[in-house]
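What follows is a set of notes on a single structure, which appears directly below.
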Amino acid sequence: MTGIRIPKGWEIAEALVTDESRYLRRREFIKAASASALLSITGGCRTVPDKPQLEMSRAELSARADAVGPVAFGRAPGPPSFAPGAPSHAFPLPDDRILTDRVTAASFNNFYEFTSRKNDVWRKVGQFKTSPWKVEVSGLVQAPGTFDLDDLCKAMPAEQRIYRLRCVEAWSMVVPWTGFPLRRLLESVQPLARAKYVRFWTAELPKQMPGQRNTPWYPWPYHEALRIDEAMNDLTLVATGIYGKPLLRQHGAPIRLVVPWKYGYKSIKSIVRIELVEKRPATFWNTLEPAEYSFLSNVDPDEPHPRWSQATERDIQTDERIPTLPYNGYGDWVADMY
Ligand SMILES: Nc1nc2c(c(=O)[nH]1)N[C@H]1C(S)=C(S)[C@@H](COP(=O)(O)O)O[C@H]1N2
Ligand SMILES: [Mo]
């Protein structure tokens, strides 16, 4: 025996500490460790684990998805009025990218309400009930209201836009969303002039969301916010579908935000409440690690994360490392806001 042991694939995936999950694991570690001297060893050596770490080949995964059935793989009944929407001419597939396969996109997710293990979210979402679903819109508006998702789908006909999505952890994908500009929903409730920010909340359903039960120290429910000009920007999409179908649970069914020029964590999933406010609100990751996750979080290759460079990213479809673009390639639409 040489003492050198080659870990199996799943052990590597298990051992890698992912960026956003580092906080979680550190907390678990702190809970487990009684001697504070031990804490000093958590800071240093770690690699940036940007590889998708798919445990199964795509073919295997497809077969498994068929075998376990549509519910286990995240298929949720969409609102009756869901329609895929016509492909938008303004947002076709970017020239420099290929479309991410839907199984790849649905098997590698960040959705901490279920688990911090990206490869496993799709396995954990089966209990999540996404219909009926209501979204409350309140705060500094003339006409607050609670909207049934089906009524929203009828009132806001959707289009399909292909957007790049860049996670702060330096992986990315390119997927077609079905949705409508957030601006249309906000205009329908008539914001007051005093409204300067828009807050969003995810559902809090610990019985259906094992991650909420297992990590009670997180500030659930997940919450995010945008400045009002960002919220009103044409790019800011409320998504109800992906690949022409209602959103899978792991993608944030039945309704989520997509803010393509910002790091992925701003694109909050499974929204139940929206509020317009005057003061800049707290946001989930910014509260947990303000030095690592800024409020604005615009994609910027020249501004490294404190623990890794943001100059490049790994496409989860091709596994290729590619340059990260300022504003994730959407500067023409958004740069003048900053
Ligand atoms: N409620 C909620 N929304 C969330 C997250 C989350 O953990 N909870 N993760 C975010 C992060 S970090 C990313 S990268 C994207 C991932 O979206 P996807 O799984 O559909 O690719 O969702 C974002 N929205
Ligand atoms: Mo992310």
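When a residue number appears, it is its place in the shown sequence, counting from 1. Just so you know, ligand 1 is whichever comes first in the structure, and atom 1 is the first atom listed for that ligand. Fair warning: this is a prediction, and the values are worked out from it, not measured in the lab. Reckoned from all heavy atoms, side chains included, excluding hydrogens, waters and symmetry mates.
- One option in Thr115, Thr100, Asn110 has a heavy atom closer to atom 5 (C) of ligand 1 than any other, and that option is Asn110.
- Remark: ligand 1 atoms within the under-4.0 Å shell around heavy atoms of His251 are 18 (P), 20 (O).
- Contact between Ser267 and ligand 1 is present, with at least one heavy atom of the residue lying under 4.0 Å from the ligand.
- Considering backbone and side-chain atoms together, Trp285 places no N or O closer than 3.5 Å to any N or O of ligand 1.
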Go through Asp229 and Arg183 one step at a time and tell me if the salt bridge (charged side-chain N to carboxylate O under 4.0 Å, His left out) criterion holds. CA-CA 10 Å; Asp229 58 332; Arg183 174 215 292 265; over 6 Å; no
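- Remark: Glu320 does not engage Arg314 in a salt bridge, criterion side-chain N to carboxylate O under 4.0 Å.
- Of the heavy atoms in Thr202, only side-chain atoms (C-beta onward) come closer than 4.0 Å to ligand 1.
- Partner of Gln310 under the side chain to side chain donor-acceptor pair (under 3.5 Å) criterion, out of Glu303, Glu169, Arg166: Arg166 alone.
- For Tyr265 and Phe284, the gap between ring centers reaches or exceeds 6.0 Å.
- Polar contact with ligand 1: present for Tyr112 (N/O pair, distance under 3.5 Å).
- Here Arg199 does not pair with Glu224 in a salt bridge; the nearest charged N to carboxylate O distance is not below 4.0 Å.
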Show the numbers, then the answer: is there a side-chain contact (heavy atoms from CB on, under 4.5 Å) between Leu226 and Phe200? CA-CA 9 Å; Leu226 297 172; Phe200 306 87; 4.1 Å; yes
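- Of all the atoms in ligand 1, the ones that sit under 4.0 Å from a non-hydrogen atom of Cys167 are 14 (S).
- Selection from Lys118, Gln250, Arg256 by nearest heavy atom to atom 20 (O) of ligand 1 gives Arg256.
- Contacts of Phe111 with ligand 1, taken as heavy-atom pairs under 4.0 Å, involve both backbone and side chain.
- Heavy-atom proximity to Met173, at under 4.0 Å, picks out these atoms of ligand 1: 21 (O).
- Annotation for Arg227: atom CZ counts as buried by contact number, over 12 foreign heavy atoms lying within 6.0 Å.
- Contacts between Glu169 and ligand 1, counted as non-hydrogen atom pairs separated by less than 4.0 Å, are absent for every part of the residue.
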Under the ring pair (Phe, Tyr, Trp, His ring centres under 6.0 Å) criterion, do Phe114 and Phe111 qualify, and how do the steps go? CA-CA 6 Å; Phe114 295 93; Phe111 204 168; 4.9 Å; yes
